[in-house]
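Below is one structure, written out as structure tokens; the observations come after it.
When reading the values below, keep in mind they use all heavy atoms of this one structure, side chains included, and skip hydrogens, waters and symmetry mates. Numbering starts at 1 and runs along the sequence shown.
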Amino acid sequence: DRPDADKPARDYRVAVWNAGGACALILKNPNDADAMLRIREALKPYIGDHGKPIRRIVERDELDSLGANPRAAVMLDAGDLFMFGSNTSGDIIADSAAKAYPSLGTHGQHPDREGMEATFIVAGPGIAKGVVLDKAQLTDIAPTLSLLLGISLPNTDGQPLRMLTAPATGSERIPRP
């Protein structure tokens, strides 16, 4: 335990950005090879399959292909039944369900995790019936909803999921208050 654990850091070499199912490691100096070496060495006993808290280290080139945090040197992918927390002191591995305010769910899982896909259900005026999407990007949801509502949403990363829109009959517009 650190005596100053409850105080904000004044400086850092490596910052942690916790997303529950993933954790980005951000280097103050992106070229700090020594910090990366020390990180990898320190995490080695915690990485692997079958009960390890870290499933794998996701490297920068894969993060780029996923459009993930551009500041992250690497990201840690939580092992099955594990998540990353924000405690700065105490046990490295703790039962989150045993706390006074348990954490029983999270986000930030790597997209290749089987069974961790999100569900998206949409119905109503302007929505095509019976359309099933195999996959969609979260960044496409806001542009899709803006299209359906007739609202301009410039400069978005995503694209409207046009296959969800029904042919216009003139009666599907939602009246504005």
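Put simply, the side chain of V131 does not reach to within 4.5 Å of the side chain of L161, judged on heavy atoms. Under the 4.5 Å side-chain criterion, counting only non-hydrogen atoms from C-beta, F120 is not in contact with T144. No side-chain heavy atom of I54 sits less than 4.5 Å from a side-chain heavy atom of K52. Counting heavy atoms from C-beta on, the side chains of I57 and L76 come closer than 4.5 Å. The closest side-chain heavy-atom distance from R40 to I47 is not below 4.5 Å. Side-chain contact between L148 and T165 is present, with at least one heavy-atom pair separated by less than 4.5 Å. Contact check for V16 versus L25: side-chain heavy atoms found under the 4.5 Å cut-off. Taking 4.5 Å as the limit, every side-chain heavy atom of L147 sits out of range of all side-chain heavy atoms of L164.
Residues L63 and L138 do not share a hydrophobic cluster, clusters being chains of Ile/Leu/Val/Met/Phe/Trp/Tyr side chains in contact below 4.5 Å. Under the 4.5 Å side-chain heavy-atom criterion for grouping Ile, Leu, Val, Met, Phe, Trp and Tyr, Y46 is not connected to M75 through any hydrophobic cluster. Clustering ILVMFWY residues whenever any of their side-chain heavy atoms sit less than 4.5 angstrom apart, transitively, puts L43 in the very cluster that holds L27.
Between A73 and R60 the shortest heavy-atom distance is O-CB, 3.6 Å. Residue P143 comes nearest to P160 through the heavy atom pair CB-N, 3.7 Å, listed as atom of the first residue, atom of the second, then distance. In this structure, P45 and A42 approach most closely via the heavy-atom pair CD-O, 3.5 Å. Shown here for Y12 and A15, the closest heavy-atom pair between the two residues is CD1-N, 3.7 Å. Between W17 and I26, the shortest heavy-atom distance links the atoms CB-CD1, 4.1 Å.
For L66, the CG atom counts as densely surrounded, since its 6.0 Å shell holds more than 12 non-hydrogen atoms of other residues, nucleotides or ligands. With a 6.0 Å radius and a threshold of 12 heavy atoms from other residues, nucleotides or ligands, Q137 has its CD atom at or below the threshold. With a 6.0 Å radius and a threshold of 12 heavy atoms from other residues, nucleotides or ligands, D157 has its CG atom at or below the threshold.
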Checklist entry - Step by step, would you call R38 with E41 a salt bridge (Lys or Arg N to Asp or Glu O under 4.0 Å)? => result CA-CA 5 Å; R38 293 179 68 185; E41 199 58 39; over 6 Å; no
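Within the structure, salt bridge (charged side-chain N to carboxylate O under 4.0 Å, His left out) pairs that include any residue of residues 9-24 comprise D11-K28, R13-D32, R13-D34 (at least two apart or interchain). Each salt bridge (charged side-chain N to carboxylate O under 4.0 Å, His left out) pair with one or both residues in residues 127-141, not counting sequence neighbours, would appear here, but there are none.
Between the CG atom of D77 and the CZ atom of F84 there is a distance of 7.5 Å, given to the nearest 0.5 Å.
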